Colleague: 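Let me give you the structure first, and then I'll get to my questions.
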Amino acid sequence: MKILYVTDLHGDKNKYMKILEVAIEKKIKVIVNGGDMLPKQCDRHSEQPVFINGFLKEYFQKLTEQNIIYLAMLGNDDLLSVDELFSKTCDEFENVYDMAGNKVCINGYEFIGMNSILDHPFGCKDRVVTETNYIPQRQLSPVTGISNEIGYDRIYNWLEYSRTELPYMCDVLNKLPIAQNPKKSIYIMHMPPAGLRLGQLRYQDLDIGSVDIYEFLKKKQPLLSLHGHIHESPDTEKGKWINRILETTCIQTGQTELNDSQMVYAEIDLSEKQYERKVIRAI
């Protein structure tokens, strides 16, 4: 069984349409979207719901017409306040699934999604969790927030809040649906695991990744894990797009920035265990 994996599209309509074009051309019937699906360089509270109700709904209809299964989840740049709308929109289509915290079985393969991330320096703290011994990054703003329907619940002492109020990544992972057959299970996790250079930053020599995710995958040993979040990682000097934790293959394709002429995705043959990263023109 073949799938296409793409992540961090951030509302780029050209990239959405290009991955659909690739799927049709190659006759691949499953697309996985790893998170950060919606526009972010905008008034998110007004434009993200419009994007879901408009473009995404029309896009899901095109997928239905082509009999393509779409496994997707929102990411940290997609507001928590639109989760219900996104989930309801997915439910309108029999072939579209909101993967956050869920499991979907296709042709004997189990797909399980998780979209929590560790702390970052940006002001919107949606989907942020912590883990033991995690050191928060230096913040770019003195005030942070978690989204509500009209704005943000402001947090004026984020460091203290992060130490006392955030859930732990290990607890989030342990609440995920259980894979019945690890050798045919695929985890979709927006955050990459630590120690594999799948989350290598360009502006400093730092590998952003979760120790808890690494330990989880090491213990569970699925066939495959799919990640995103750090766009530039595979194209940095030390970064990688594919690595392993024992028998588990971990993939983080990266992505170009919004409205770039190129896009990145992976073509994956699950039965043959063949993985190829592709960089193609999106425009």
Side-chain angles (χ1 to χ4, degrees), residues 3-10 12 15 18-19 22 32-37 40-41 73 75-78 113-122 127-129 131 133-138 140 169 173 186-218 222-269 273-282:
I3 67 172
L4 298 178
Y5 175 63
V6 69
T7 187
D8 295 275
L9 298 185
H10 292 288
D12 192 323
K15 291 173 184 169
K18 190 63 180 181
I19 197 69
V22 171
V32 178
N33 188 316
D36 278 354
M37 297 178 63
K40 70 170 183 176
Q41 296 176 357
M73 62 187 187
N76 58 286
D77 280 321
D78 306 324
M114 192 284 295
N115 60 353
S116 296
I117 64 159
L118 295 179
D119 196 14
H120 49 56
F122 307 113
R127 309 183 205 285
V128 170
V129 300
E131 59 189 18
N133 300 322
Y134 182 74
I135 301 174
Q137 298 181 50
R138 180 178 62 85
L140 299 177
M169 180 70 83
L173 294 168
I186 299 98
Y187 283 89
I188 309 160
M189 298 177 171
H190 192 60
M191 186 85 187
L196 301 186
R197 293 292 180 180
L198 300 180
Q200 179 67 34
L201 297 178
R202 178 174 283 123
Y203 66 90
Q204 59 178 314
D205 186 7
L206 186 63
D207 177 20
I208 298 297
S210 165
V211 172
D212 285 351
I213 289 177
Y214 180 95
E215 293 299 331
F216 179 85
L217 294 172
K218 182 179 178 181
L223 169 65
L224 184 66
S225 66
L226 304 173
H227 309 276
H229 190 40
I230 308 301
H231 295 207
E232 72 270 22
S233 181
D235 297 314
T236 61
E237 182 179 354
K238 295 181 179 179
K240 296 178 180 291
W241 74 272
I242 188 169
N243 212 331
R244 296 182 71 85
I245 303 175
L246 301 179
E247 297 302 312
T248 296
T249 299
C250 306
I251 289 174
Q252 206 282 74
T253 56
Q255 190 53 265
T256 60
E257 296 307 312
L258 183 66
N259 297 322
D260 194 285
S261 62
Q262 293 184 313
M263 68 168 286
V264 185
Y265 73 96
E267 187 173 326
I268 296 170
D269 189 325
K273 298 182 182 179
Q274 294 179 349
Y275 317 109
E276 188 173 0
R277 181 179 186 253
K278 304 268 193 175
V279 181
I280 62 172
R281 289 193 63 83

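Please read these numbers as outputs of a predicted model, since none were measured by experiment. Side-chain atoms are counted along with the backbone in the values below, which use heavy atoms only and exclude waters and symmetry mates.
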Colleague: Donor-acceptor pair, Asp36 side chain versus Asp77 backbone, under 3.5 Å?
Modeller: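 Indeed, once roles are kept as given, a pair shorter than 3.5 Å links the two residues.
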Colleague: Any heavy-atom pair between the side chains of Val128 and Ile117 that's under 4.5 Å?
Modeller: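 Of all side-chain heavy-atom pairs linking Val128 with Ile117, at least one is under 4.5 Å.
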Colleague: Answer yes or no: are there more than 12 heavy-atom neighbours, outside Glu237 itself, under 6.0 Å from its atom CD?
Modeller: no
Colleague: Side chains of Tyr275 and Tyr5: closer than 4.5 Å at any heavy-atom pair?
Modeller: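 Not touching, per the 4.5 Å side-chain cut-off.
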Colleague: Would the distance check show the side chain of Tyr134 and the main-chain N or O of Asp119 forming a donor-acceptor pair, the cut-off being under 3.5 Å?
Modeller: yes
Colleague: Among Met189, Arg127, His190, which one satisfies side chain to side chain contact (heavy atoms under 4.5 Å, CB included) with Met114?
Modeller: Met189
Colleague: Sub-3.5 Å donor-acceptor pair from the side chain of Thr253 to the main-chain atoms of Val264, do we have one?
Modeller: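 Checked: no pair found.
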Colleague: Has Ser233 got a side-chain atom pairing as donor or acceptor with Leu198's backbone, closer than 3.5 angstrom?
Modeller: yes
Colleague: With Asp8 as reference, evaluate Met263, Lys15, Gln255 under the side chain to side chain contact (heavy atoms under 4.5 Å, CB included) test and give the passing residue.
Modeller: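 Per the side chain to side chain contact (heavy atoms under 4.5 Å, CB included) rule, the option paired with Asp8 is Gln255, out of Met263, Lys15, Gln255.
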Colleague: With distance as the sole test, does Gln200 use its side chain to make a donor-acceptor pair with the main-chain N or O of Thr236 at under 3.5 Å?
Modeller: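 No; zero donor-acceptor contacts below 3.5 Å.
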Colleague: Under 3.5 Å, is there a donor on one side chain and an acceptor on the other for Arg244 and Thr249?
Modeller: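 Yes, because at least one side-chain N or O of Arg244 sits under 3.5 Å from a partner of the opposite role on Thr249.
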Colleague: Anything under 3.5 Å between a donor and an acceptor, one on a side chain of residues 207-218, the other on a protein residue two or more places apart or in another chain? List them.
Modeller:
unit_1, atom_1, unit_2, atom_2, d
Asp207, OD1, Gly199, N, 3.2
Asp207, OD2, Gly195, N, 3.3
Asp207, OD2, Arg197, N, 3.2
Ser210, OG, Glu131, OE1, 3.0
Ser210, OG, Asp212, N, 3.2
Ser210, OG, Ile213, N, 3.0
Asp212, OD2, Cys170, N, 3.1

Colleague: What distance do Glu276 atom CD and Lys278 atom NZ have between them, rounded to the nearest 0.5 Å?
Modeller: 3.5 Å
Colleague: How long is the gap from CG on Leu224 to SG on Cys250, to the nearest 0.5 Å?
Modeller: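 One finds 8.0 Å between CG of Leu224 and SG of Cys250.
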Colleague: Going by salt bridge (Lys or Arg N to Asp or Glu O under 4.0 Å), name the pairs with one or both residues in residues 252-265, residues two or more places apart or in two chains.
Modeller: none
Colleague: Heavy-atom count check: over 12 atoms from other residues, nucleotides or ligands less than 6.0 Å from Gln41 CD?
Modeller: no
Colleague: Does the side-chain contact (heavy atoms from CB on, under 4.5 Å) test come out yes or no for Val32 and Val6, once each step is laid out?
Modeller: CA-CA 6 Å; Val32 178; Val6 69; over 6 Å; no
Colleague: Can you tell me if Asp78 uses its side chain to pair, donor with acceptor, with the backbone of Met37 under 3.5 Å?
Modeller: yes
Colleague: Can you tell me if CG on Leu246 sees more than 12 non-hydrogen neighbours from other groups inside 6.0 Å?
Modeller: yes
Colleague: Does Met191 offer a backbone N or O that forms a donor-acceptor pair with the side chain of His227 under 3.5 Å?
Modeller: yes
Colleague: Do Asn33 and Ile19 have side chains that get closer than 4.5 Å, going by heavy atoms?
Modeller: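 They are not in contact (no side-chain heavy atoms under 4.5 Å apart), so the answer is no.
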Colleague: Looking at Gly228 and Pro192, what are the two nearest heavy atoms and their distance?
Modeller: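 Here Gly228 and Pro192 meet closest at O-CD, 3.7 Å.
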Colleague: State the CD1-CD1 distance between Ile242 and Ile251, to the nearest 0.5 angstrom.
Modeller: 4.5 Å
Colleague: So, do Gln252 and Ile230 sit near enough that their side-chain heavy atoms are less than 4.5 Å apart?
Modeller: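 They are in side-chain contact.
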Colleague: Other residues, nucleotides and ligands only: do more than 12 of their heavy atoms fall within 6.0 Å of NZ on Lys18?
Modeller: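 Yes.
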Colleague: For residues Ile268 and Ile186, determine if any side-chain heavy atom of one lies less than 4.5 Å from a side-chain heavy atom of the other.
Modeller: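 No. Closest side-chain heavy atoms not under 4.5 Å.
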Colleague: Is there a donor-acceptor contact under 3.5 Å from the side chain of Asn115 to the main chain of Gly75?
Modeller: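 Such a contact is absent between Asn115 side chain and Gly75 backbone.
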